[in-house]
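Just so you know, these numbers use all the heavy atoms, side chains as well, and skip hydrogens, waters and symmetry mates. Remember, it's 1-based here, ligands and their atoms both numbered in the order they're listed.
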Amino acid sequence: MRSWKVLIGRSAVGVAALAIAALVLSQTAEGQKTKGKTRPATTKHLMSGICFPNCGSLGKLLKDGPADDKGWTTAARNAALLNELSYILMDDGRCPDKDWANAAKTLRGCSAKVAEAVAAKDLDAARGAFKKMTEACSACHKAHKS
Ligand code: HEC
């Protein structure tokens, strides 16, 4: 008696079914990195609306050091929102693989350290954690940004 695998493997229907399954799988993975499963925000929205402005502002503030309390408040908000983003990036079935998950984890840990250093007005520590945080951007982009 032949197994069902052999039967399916030899039939045109089986080949077509496998091709469709492969297509669905690849589209799911693609869908996960450009958009979550249910919410409207695309990864582009998150990157251009949350990631880029907060990372840019934070980088500028830490370069020379915030000039006043308002600057420190802004830096704290930037770090906190980047930290939130690390959770959003893992939500809604968005994460396609380990590279993504590791980058989100780095973003989360380092942005939390920046936030902590900013709260203590420790500029050196904030700069160090910020530099490490940006390694998450390049790691994820290298694997997933075309
Ligand atoms: C976990 C993965 C991941 C991390 C971490 C990440 N990005 Fe992205 N980013 C992407 C992906 C995927 C795209 C491409 C989205 C697309 O084109 O659909 C992207 C695109 C972008 C874009 C282009 C947006 C546009 O409008 O085309 C910018 C800018 C950006 N990222 C900035 C950053 C910065 C700055 C960081 C670090 C603070 C960062 N990203 C961290 C995954 C990530």
Colleague: Starting from atom 39 (C) of ligand 1, which protein heavy atom do you reach first, and at what distance in Å?
Modeller: Cys51 SG, 3.4 Å
Colleague: Can you list the ligand 1 atoms lying under 4.0 Å from a non-hydrogen atom of Ala136?
Modeller: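 So the atoms of ligand 1 that pass are 5 (C).
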Colleague: Starting from atom 14 (C) of ligand 1, locate the nearest protein heavy atom and write down its residue, its atom name and how far away it is, to 0.1 Å.
Modeller: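 Protein heavy atom with the smallest distance to atom 14 (C) of ligand 1: Lys145 CG, 3.7 Å.
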Colleague: Of all the non-hydrogen atoms in the protein, which one sits nearest to atom 25 (C) of ligand 1, and at what distance?
Modeller: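 It is Lys44 CG, 3.9 Å.
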Colleague: Considering heavy atoms of the protein only, find what lies nearest to atom 29 (C) of ligand 1 and give residue, atom and distance to 0.1 Å.
Modeller: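 Closest protein heavy atom to atom 29 (C) of ligand 1: Phe52 CD1, 3.7 Å.
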Colleague: Return the closest protein heavy atom for atom 4 (C) of ligand 1 as residue, atom name and distance.
Modeller: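 Result for atom 4 (C) of ligand 1: Cys140 CB, 3.4 Å.
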Colleague: Measure the NE2-OG distance between His141 and Ser146 for me, rounded to the nearest 0.5 Å.
Modeller: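 Reported to 0.5 Å precision, the distance equals 10.5 Å.
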Colleague: Checking the N or O distance criterion of under 3.5 Å, is ligand 1 in contact with His141?
Modeller: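 Indeed, backbone or side chain, His141 has an N or O that close.
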Colleague: Below 2.8 Å, any N, O or S contact between Met47 and atom 8 (Fe) of ligand 1?
Modeller: yes
Colleague: Check each atom of ligand 1 against the heavy atoms of Cys55 and keep those under 4.0 Å away; list them by number with element.
Modeller: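 What qualifies from ligand 1 is 35 (C), 38 (C).
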Colleague: Just let me know how Cys137 lines up against ligand 1, side chain, backbone, both or neither, with a heavy-atom cut-off below 4.0 Å.
Modeller: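 Both parts.
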Colleague: Only one of Leu123, Thr74, Thr73 passes side chain to side chain contact (heavy atoms under 4.5 Å, CB included) with Pro66; say which it is.
Modeller: Leu123
